[in-house]
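Working notes for the structure below.
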Amino acid sequence: MNETVMVLIRTFGILAALLSVGGLLIWLERRLLALWQERYGPNRVGPFGLLQVVVDMVKVLFKEDWVPPFADRPVFVVAPAIIVIVTLLSFAVVPFAPGLAVIDLNIGLLFFLGMSSLGVYSVALAGWASGSKYSLIGGLRSSAQMLAYEVFMGLSLMGVVMQAGSFDLARIVEAQQDTWFIVPQFFGFIVFLIAGIAETHRLPFDLPEAESELVAGFHSEYSGLKFGLFFLGEYLGITLISSLVAVLFLGGWQGPWLPPLAWYLAKTFLFIALFILIRATLPRPRYDQLMAFGWKVCLPVALLNLLATGAFVLLKG
Amino acid sequence: MLSILKSLWTVLVTMFRKRVTIQYPEERPYLPPRWRGRIILSRDPDGKERCVACHLCSAACPVDCIALQAAEDETGRRYPAFFRINFSRCIFCGYCEEACPTYAIQLTPDFEMGEYLRKNLVYEKENLLISGQGKYHGYSFYRVAGLAVGGKDKGEAQNEEKPVDVKSLLP
Amino acid sequence: MFSVLSVKDMVTIYIDSKPYEVKPDQNLLQACLTLGFDLPYFCWHPAMHSVGACRQCAVKLFKDEKDTRGRIVMSCMTPVAEGMRLSVDDAEARSFRASVIEWLMLNHPHDCPVCDEGGECHLQDMTVMTGHVYRRKRFPKRTHRNQYLGPFVNHEMNRCIQCYRCVRFYRGIAGGRDLNVFSCHDNVYFGRHEDGALESEFSGNLVEVCPTGVFTDKTLKRHYTRKWDLQTAPSVCVHCGVGCNTIAGERYGSLRRILNRHHRDVNSYFLCDRGRFGYEFVNSEKRIRSATCLPFSASGGKPHGEESRKIGKQAAVDQITKILASAKGVIGIGSPRASLETNFLLRKLVGPENFFAGLSDTEHRLVARIVAILREGPARTPSLQDIRAADAVLVLGEDAPNTAPLLALAIRQSVRNKQFEIAAKMRLPAWDDNAVRNSGAGARSPLFVATPYATRIDDIALRAFRADPVGIARLGFAIAREIEPSAPELPLAADGTGQDIPALAREIAAFLKAAKHPVIVSGTGCLNEQVLAAAANISRALCLAGPSAQLSFVLPECNTLGSGLLGGRTLDEAFTRMQDGLADTVIIAENDLYRRAGRREVDAFFRKARHVIVLDHLRNPTVERAEIVLPAATFAESSGTLVSSEARAQRFFQVFLAEGDVQAGWEWFDDLQRSMGKQPPGSETRLDDVTALLGREFPLLAPASSAAPPASFRVAGQKIPRQSHRFSGRTAMTAGADVHEPKPADDADTALAYSMEGHEGAPPPALTPRYWSPGWNSVQALGKSPQETGEETNSGESGVRLIEPTGSAPGYIGPETIGSEDWEATVAPPRYRIFGSEELSMQAPAIAEMARRAEDIPRQATGGNASHE
């Protein structure tokens, strides 16, 4: 009984925390982008413009919830929900601190990989259901991009798994007691980071929504709350990838002096900020460049990394 | 790869630079006289309307937000019977000023035209016409053009001879 | 797109070393323009040909391939020849042309912004084309004083470039005498000897002929709009029966001006002043804008303007439906100034047996006779182009300059054919205007004018004959007998007048017989059937004797012949039926009955009618008697078909959307039919449906549906835009009333759109809403249109001829077969005035002013053999 209540409290606590972080990221991204572009960003509403989040939420919530007459209505409505659901589900296996996770799954990493691959349905279905050519192209690009980067995203993590000897994320964190995996698995880290950006289709890998050519791509036709869900999904995705980088390569909650949760949060924030810095800096590649980079650079690197790690583990063990 | 890292670094260090944003309502930017803001109609040095209703501004307007109708007073002077600019459509491109052959239509450094009702952005001639000459002083179209209008006869415009005596056969 | 001429008929010339095929009887300028070269010119005009006055069209001509120096020639004065080599693009020729423009512009007054020609100015176009931008001369400009030239044309002499087009048109083509060149050297002045209204009824063409702003449209000046701002549509003039093609332009809901629309077979390049300036009736304060109804029957016959009240479209239709359902008998009176569609749907609404054509009784009889003559033949009715090509013309009883001005202009042009004949014998090219005129030395083709009163073409007539209608008929019968002895005779008057008839008849007959293309012009003007019979007999005699005679009848109104072809009963029958109590309700479509019959009869008719429903544009005495008044759209606010005197069905197109309840007559009658359950409700009747139905019921009128391309017509999938691509003010025009812009109206009736968007190239002639070509903003852009460059073959000219003679006429028309009222003239034949005789144009202020002047100072036409110019 007590156990169930605790689980529920943990679950909903994490859920609430994630959703508010998602909202807060809107403000954070705008402020950080401004910071790196010699501007101020939203600074008028509330202290440091913090209430901008509220204003933006109100705006998104009160916009007309419009479904275009040419759209495939049921799919159109379901699509944005998928991305939020699968991202939130992925968080279930993330250990924020010792004992602080929704569920301690022994195949946690596989669960994450499975969930994140489901995310592509959201984008592909949204693109299809919108009934607009821009959206459809966005959806197609997204599927191809996700399929490509999915491959070595998984492969890049196998080194970590080999070294930790487990798929359980908590085990992996504990395995980094001495050295963070970023050191032995540096290439795995780089490849995972790149694949992570591509998975969340953040700049510079935001080809599915490229404004300049596809006028927002798969979510061209979305407005109001449904658009808000895509927005939220994207920020949750950033948080998720940042969390996983922290957990898998930077030792998760591990660290001296500070409480474990603080270490986790600090590491995660660092990568969120990196995501935004990359957005502020890098231009978007051409689509063929993106695919070529994935298949011709990232995949070989991930495979070599896997080979090397395997050899290392074999020799050692 | 290295260039990417260099770019990231360059962007990162901009956070220590001075902000370029001007905090508008508290700080006021300097707007040069040729800044393209609210459109006005000016008057010539004699205090008469400069606009001769030639329709060139309306033709030049890429968003077609200028409408007018020409009329003529008893002395033969053309003027706009009505002159309307729909500022809710105006893009302040300044083509109208560029096209104006009489310096009548001018853009001014005023942009604070916010309204709660779109219809309040429709300016008629009485809203547009100012009492001065605007940016360009001393020019009067009718002093140059060879047209007889009130108070100015044929041959009295700039650089004109007296009218020809048709009945004279002198060489 | 494919030339009809075979290659053998063409010669090859080399322009800038590229070979081109051109027609041999042209000058170089014409050839270059036809080929699409932008070669500037001023004095050349397609109807007035070349005089080489302006020196603008210089090109370089080379002796052969080896010649690299060449020499500069005026292309308009150089005939094309096989193997000729020239350069349009040559640097020296270009700089020569630029210099010419610079000289022409030395004294230009720098007033384009307030010039009405601005934006459609040939001088502007040519200046831009040659690249002249800056006046280098620092010395003062020469100036001129202007003249008052009447209510039609504005004069601004400072803008003149001395191309002489105005006087060449006014004197050489239109036969006017009061416009000329004055003074000398660089002071030449184009104007009248003193201020005063221009006398020629074609003065309005100066506006189009003048390449710059010296002569501009004074009626346009009062509500001035630039060419690019006008919403325009192809139209047909409604002010007489000739059916000139026009372009009507609108802005802010009022009609702004009429321009000529070129039609080779009708008006070609010119319009008369009634047609050009009569349009202002559309904007008249007398216009009926809303459906009104009197609470009580109009049978009281008292004026009741103040009692009338607006009821709105639907209520009016409902009320009329109720009235028609309970009526004892309905009379529908059509009109010769309403479109075929309006007349036809009224006929459908009331039933054929209750439809009355709405012509006066005399006219009704005459028109029926004319229809019979034209259908049976053997003479064909000529187009104006045929008349222009005629080498002998007899005008029998018709004051053409007043009743059909453009036809009179065609006659005036035909008289010059003698000069062309002489010039051809001297191997002079027909386009060398001065040479043709000098070689002809004033020679004229024979023209005979037999009318009750002096006419303005008497000055070019070989003989002018004055007599009453019966006298004219006598002359006609006598001519027919002279040509062909079996023709019937109308005995000379008992009182011994007309002793000169036999001699004159002999002379005329000789000339007509000698001619290759004789044309007889007659009409309803004398209100005498004998005159028509005489004209028919002459043409029959000529056809039997050899030459292919053509017979043209002048009809008074724009659709008189259409009314005649639709049939319908006479007005007298309508009056009788009402008096006999067989009917108690009358629907009158666009017709003022007080112009058709005596006041007493019409008053009695209205007194007897229980319900009077009138549909019209303007308040008139008939409208005053109506119980329900429906506002009808004018030619500018509706589309429809008119049949001209030539029996050419032509479509006029709606220019703009009417305000208020105003809609086309045929739309009102369609609404009524629908409301009475004769049409399935909810279905749409469009113009093409009406003409199709009309064609089914009247096989003779079936071709009328192809008078213009149907509503489904598209060029490259696009409609033809009524607005120019530079149309301005779209987002501000209506913003004063409502800042939300309305959706542009759809036009389901025609292939034209109320939009700037659509096909930008040249549409078929019947759908041409304006003449424009890149770099050519003036009316001279016509020269760039496919009609002019000869590319047009398939879509052809606009309009379609309905009647070709069957030749089934049993024989001559005996004078005895005609009713006795036409035997003895008891009343003086009517006297027509170009300004004043026509109902609608008199509501245009400028025309009304000219009509008043004509009353003050009777215009005296010179009779007999006036000296030539």
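Residue numbers start from 1 in every chain, and the chains themselves are labelled A, B, ... in the order their sequence lines are given, proteins ahead of strands.
Residue Cys65(B) touches chain C through both its backbone and its side chain, counting heavy-atom pairs closer than 4.5 Å. When heavy atoms are compared at a cutoff of 4.5 Å, Arg159(C) approaches chain B solely by way of its side chain, counted from C-beta outward. Residue contact with chain B, scored on non-hydrogen atoms closer than 4.5 Å, involves the backbone of Thr734(C) exclusively. Proximity to chain C is absent for every atom of Tyr123(B), based on heavy atoms less than 4.5 angstrom apart. Interface remark: Val122(B) contributes side-chain atoms only to the contact with chain C (heavy atom separation under 4.5 Å). Using a 4.5 Å cut-off between heavy atoms, Tyr189(C) touches chain B through its side chain atoms alone. There is no contact between Ala71(B) and chain C, counting heavy-atom distances below 4.5 Å. The contact between Tyr252(C) and chain B is made entirely by side chain atoms (from C-beta outward), counting heavy-atom distances below 4.5 Å. Residue His144(C) touches chain B through both its backbone and its side chain, counting heavy-atom pairs closer than 4.5 Å.
When each of Lys119(B), Arg118(B), Arg77(B), Glu124(B) is scored by its heavy-atom pairs under 4.5 Å with chain C, the top score falls to Arg118(B). Across Leu68(B), Val63(B), Asn86(B), the residue that shares the most heavy-atom pairs under 4.5 angstrom with chain C is Asn86(B). Annotation: maximal heavy-atom pairing with chain C below 4.5 Å, among Glu72(B), Gln69(B), Lys167(B), Lys162(B), occurs at Gln69(B). Taking Arg726(C), His108(C), Met157(C), Met733(C) one by one and counting their heavy-atom pairs under 4.5 Å with chain B, the maximum is reached by Met733(C). Counting heavy-atom pairs closer than 4.5 Å to chain C, the top residue among Asp153(B), Leu117(B), Leu56(B), Ile85(B) is Asp153(B).
The number of heavy-atom neighbours closer than 6.0 Å to CD of Glu285(C), taken from other residues, nucleotides and ligands shown, is 12 or below. Around CD of Glu757(C), the count of heavy atoms belonging to other residues, nucleotides or ligands within 6.0 Å does not exceed 12. Tyr95(B) OH: 12 or fewer foreign heavy atoms inside a 6.0 Å radius. The number of heavy-atom neighbours closer than 6.0 Å to CZ of Arg34(B), taken from other residues, nucleotides and ligands shown, is 12 or below. More than 12 heavy atoms of other residues, nucleotides or ligands lie within 6.0 Å of OH in Tyr30(B), so this atom counts as buried by the packing criterion. Within 6.0 Å of atom OH in Tyr103(B), 12 or fewer heavy atoms from other residues, nucleotides or ligands are found, so the atom counts as exposed in its surroundings. Environment of NZ in Lys6(B): sparse, with no more than 12 heavy atoms of neighbouring residues, nucleotides or ligands closer than 6.0 Å.
Gly146(B) and Asp111(C) make their closest contact through O-OD2, 4.2 Å (heavy atoms, listed as atom of the first residue, atom of the second, distance). Residues Ser168(B) and Ser183(C) share a closest heavy-atom pair of O-OG, 3.8 Å. The nearest pair of heavy atoms linking Val52(B) to Pro113(C) is CG2-CB, 3.9 Å. The two residues Ser58(B) and Asp229(C) have their closest heavy-atom pair at OG-OD2, 4.1 Å. Across all non-hydrogen atoms, the minimal contact from Glu160(B) to Pro140(C) is C-CB, 3.9 Å.
In terms of modelled atom types and a separation under 3.5 Å, the side chain of Arg142(C) and the main chain of Glu161(B) share no donor-acceptor contact. Here the side chain of Arg84(B) pairs a donor or acceptor atom with the backbone of Ala732(C) at under 3.5 angstrom.
One finds the CG atom of Asn159(B) at 11.5 Å from the OG1 atom of Thr143(C) (value rounded to the nearest 0.5 Å).
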**Study point:** Test log, rule side chain to side chain contact (heavy atoms under 4.5 Å, CB included), inputs Lys221(C) and Arg78(B)
**Key:** CA-CA 10 Å; Lys221(C) 201 178 172 70; Arg78(B) 280 258 164 112; 3.6 Å; yes
Practice item. Would you check, one step at a time, whether the test side chain to side chain contact (heavy atoms under 4.5 Å, CB included) holds for His55(B) with Trp228(C)? Key: CA-CA 10 Å; His55(B) 294 83; Trp228(C) 63 71; 4.1 Å; yes
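With Leu147(B) as the partner, the side-chain contact (heavy atoms from CB on, under 4.5 Å) test is satisfied by one option alone out of Asn146(C), Asn158(C), Val114(C): Val114(C).
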